[in-house]
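A quick write-up on the structure given underneath.
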Amino acid sequence: QRSLSIQEKVMGTDHVEVSVALETLSSRYFETAQYRKSVDVLGRALAIVEKALGPTHPEVAEVLQRLADSQVQLGRLAEAGGNYERTLSIQEAAFGPTHVKVGESLLKLAKLNWRTGKWEATLDHSLTSEGVLRRQFIQIAPALSEREALQYEIARSSGINLSISSLLALSGEARRQAIPKVWDAIIQSRALVLDEMAARHAAFTLSADTEIARKARALTAARNRLARLVIEGPPQDDPSGYRKELSTALSEK
């Protein structure tokens with residue numbers, strides 16, 4: 001609060017740096033279950049970033065998502081749903097439909113749908129989320145050591161459990177049609193690290209040819225670049241070229 005006060009006096013109440021301080025303060029409120037204060041602070045932060053950066057800037061999506069998280073805790077589920085949907089729309093436009101942030105936002109929507117008894121929507125969002133997050137893991141894993149890959153797989157968000165729960169909540173024809181979709185997602189999401197390590201081992205043992213070795217080094221460099229772009233996210237000062245850079249890195253890989 002003291003930091004916020006100083007920044008407001010030095011830079012003005014509508015400066016984008018003030019919104020960063022407000023977001024930090026909202027996190028403290030959220031962690032201590034002061035959700036109303038978190039909503040109030042984030043409402044102000046949202047107004048600042050929308051005015052300073054425009055309504056479709058990725059930073060707006062970050063604030064919207066935090067705001068929706070607090071609204072869920074207060075039981076304001078309709079408002080939260082609207083903000084999650086807007087978050088998703090901004091992220092898809094900025095990063096593309098297969099980015100990890102899009103997958104995580106879909107999972108939040110799935111959880112909200114679960115709370116409101118929308119089982120089919122829960123299933124759709126959780127399966128789509130799992131597909132996005134699984135593909136991101138597969139793209140990043142080649143740049144990681146085995147230990148790092150295992151830690152990433154343990155820590156990454158997943159829609160599998162929620163998809164199973166929503167399947168069990170369905171009945172009749174809807175449940176019958178959902179069963180193969182859920183099993184398919186479960187099968188594809190198993191042993192991802194083992195699959196990567198096996199593929200990596202095979203690639204190294206195919207040939208000792210120098211040209212293949214050169215290409216293998218180029219592939220490693222391309223994978224590392226893609227992993228760095230995904231993990232670091234877009235630069236806050238100029239996110240406009242991020243999606244193109246991401247697409248180029250994926251094409252090079």
Side-chain angles (χ1 to χ4, degrees), residues 1-5 7-8 13-95 99-130 132-133 155-166 168-169 233 236:
Q1 288 173 331
R2 185 179 170 199
S3 170
L4 174 62
S5 177
Q7 289 179 326
E8 287 175 328
T13 56
D14 292 334
H15 196 279
V16 70
E17 287 298 323
V18 171
S19 72
V20 176
L22 288 166
E23 290 178 60
T24 302
L25 183 58
S26 76
S27 295
R28 304 290 83 76
Y29 285 145
F30 190 91
E31 290 166 2
T32 54
Q34 300 180 74
Y35 303 120
R36 292 188 186 281
K37 288 185 177 181
S38 178
V39 166
D40 292 342
V41 168
L42 286 168
R44 189 177 158 207
L46 179 62
I48 293 172
V49 294
E50 283 183 317
K51 181 179 178 181
L53 305 175
T56 60
H57 193 281
E59 183 61 27
V60 172
E62 294 290 329
V63 179
L64 281 167
Q65 192 169 83
R66 292 186 182 193
L67 178 59
D69 289 343
S70 294
Q71 289 169 333
V72 166
Q73 296 298 325
L74 291 172
R76 292 159 58 174
L77 303 185
E79 293 175 76
N83 286 329
Y84 281 143
E85 292 280 5
R86 189 178 164 201
T87 296
L88 183 61
S89 176
I90 293 171
Q91 290 173 336
E92 285 179 330
F95 310 140
H99 194 273
V100 63
K101 286 184 177 293
V102 171
E104 291 171 349
S105 293
L106 282 165
L107 187 55
K108 284 181 178 288
L109 262 176
K111 291 177 180 178
L112 182 64
N113 288 326
W114 173 261
R115 289 188 61 161
T116 54
K118 299 175 181 176
W119 315 130
E120 292 191 46
T122 302
L123 182 68
D124 289 342
H125 283 130
S126 61
L127 288 176
T128 305
S129 168
E130 176 60 22
V132 171
L133 296 170
R156 79 174 178 91
S157 300
S158 173
I160 288 294
N161 289 344
L162 197 54
S163 68
I164 296 171
S165 296
S166 54
L168 295 174
Q236 197 173 49

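Throughout, numbering of the chain's residues begins at 1 and tracks the sequence.
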Roughly how far, to the nearest 0.5 Å, is the [atom2] atom of [Y] from the [atom1] atom of [X]?
{"X": "L46", "Y": "N83", "atom1": "CG", "atom2": "CG", "value": "7.5 Å"}
{"X": "H125", "Y": "L162", "atom1": "NE2", "atom2": "CG", "value": "11.0 Å"}
{"X": "L127", "Y": "T122", "atom1": "CG", "atom2": "OG1", "value": "10.5 Å"}
{"X": "L25", "Y": "R44", "atom1": "CG", "atom2": "CZ", "value": "10.0 Å"}
{"X": "D124", "Y": "W119", "atom1": "CG", "atom2": "CH2", "value": "14.5 Å"}
{"X": "L74", "Y": "R36", "atom1": "CG", "atom2": "CZ", "value": "5.5 Å"}

* Would you say the side chains of E8 and T13 form a donor-acceptor pair under 3.5 Å? -> no

* **S38 versus S70, side-chain donor and acceptor atoms under 3.5 Å** => yes

* **Partners passing ring pair (Phe, Tyr, Trp, His ring centres under 6.0 Å) against F30 (at least two apart in sequence or in another chain)** => Y35

* Asked: With sequence neighbours left out, what residues match H57 under ring pair (Phe, Tyr, Trp, His ring centres under 6.0 Å)?
  -> none

* Structure fact -> side-chain contact (heavy atoms from CB on, under 4.5 Å) test vs L106 passes for just one of S157, S126, S129, namely S129

If we ignore hydrogens and angles and just use 3.5 Å, is the side chain of [X] paired with the main-chain N or O of [Y] as donor and acceptor?
{"X": "S26", "Y": "E23", "value": "yes"}
{"X": "Q34", "Y": "Y29", "value": "no"}
{"X": "S163", "Y": "I160", "value": "yes"}
{"X": "S19", "Y": "V16", "value": "yes"}

* More than 12 heavy atoms of other groups within 6.0 Å of Q1 CD -> no

* **CZ (R28) with more than 12 external heavy atoms under 6.0 Å** => yes

* Asked: In chain order, what residues pass the salt bridge (charged side-chain N to carboxylate O under 4.0 Å, His left out) check against R76, with sequence neighbours excluded?
  -> E79

* Under the salt bridge (charged side-chain N to carboxylate O under 4.0 Å, His left out) rule, collect the residues that match up with D40, sequence neighbours excluded. => none

* Sort and list the pairs that fulfil salt bridge (charged side-chain N to carboxylate O under 4.0 Å, His left out) and have at least one residue in residues 104-122, not counting sequence neighbours. => D69-K108

Indicate every side-chain donor-acceptor pair of residues 58-65 with a distance under 3.5 Å to a residue at least two apart or in another chain.
unit_1 : atom_1 : unit_2 : atom_2 : d
E59    : OE1    : Q236   : NE2    : 3.2
E62    : OE2    : K101   : NZ     : 3.0
Q65    : NE2    : S105   : OG     : 2.8

What pair of heavy atoms forms the shortest contact from [X] to [Y], and how long is it?
{"X": "S158", "Y": "L107", "result": "O-CD2, 3.6 Å"}
{"X": "V72", "Y": "A80", "result": "CG2-CB, 3.6 Å"}
{"X": "I48", "Y": "H15", "result": "CG2-O, 3.5 Å"}

* To do: Would you indicate whether the side-chain heavy atoms of L22 and L42 approach each other to under 4.5 Å?
  => no

* Taking side chain as C-beta onward, heavy atoms only, is L133 less than 4.5 Å from V100? -> yes

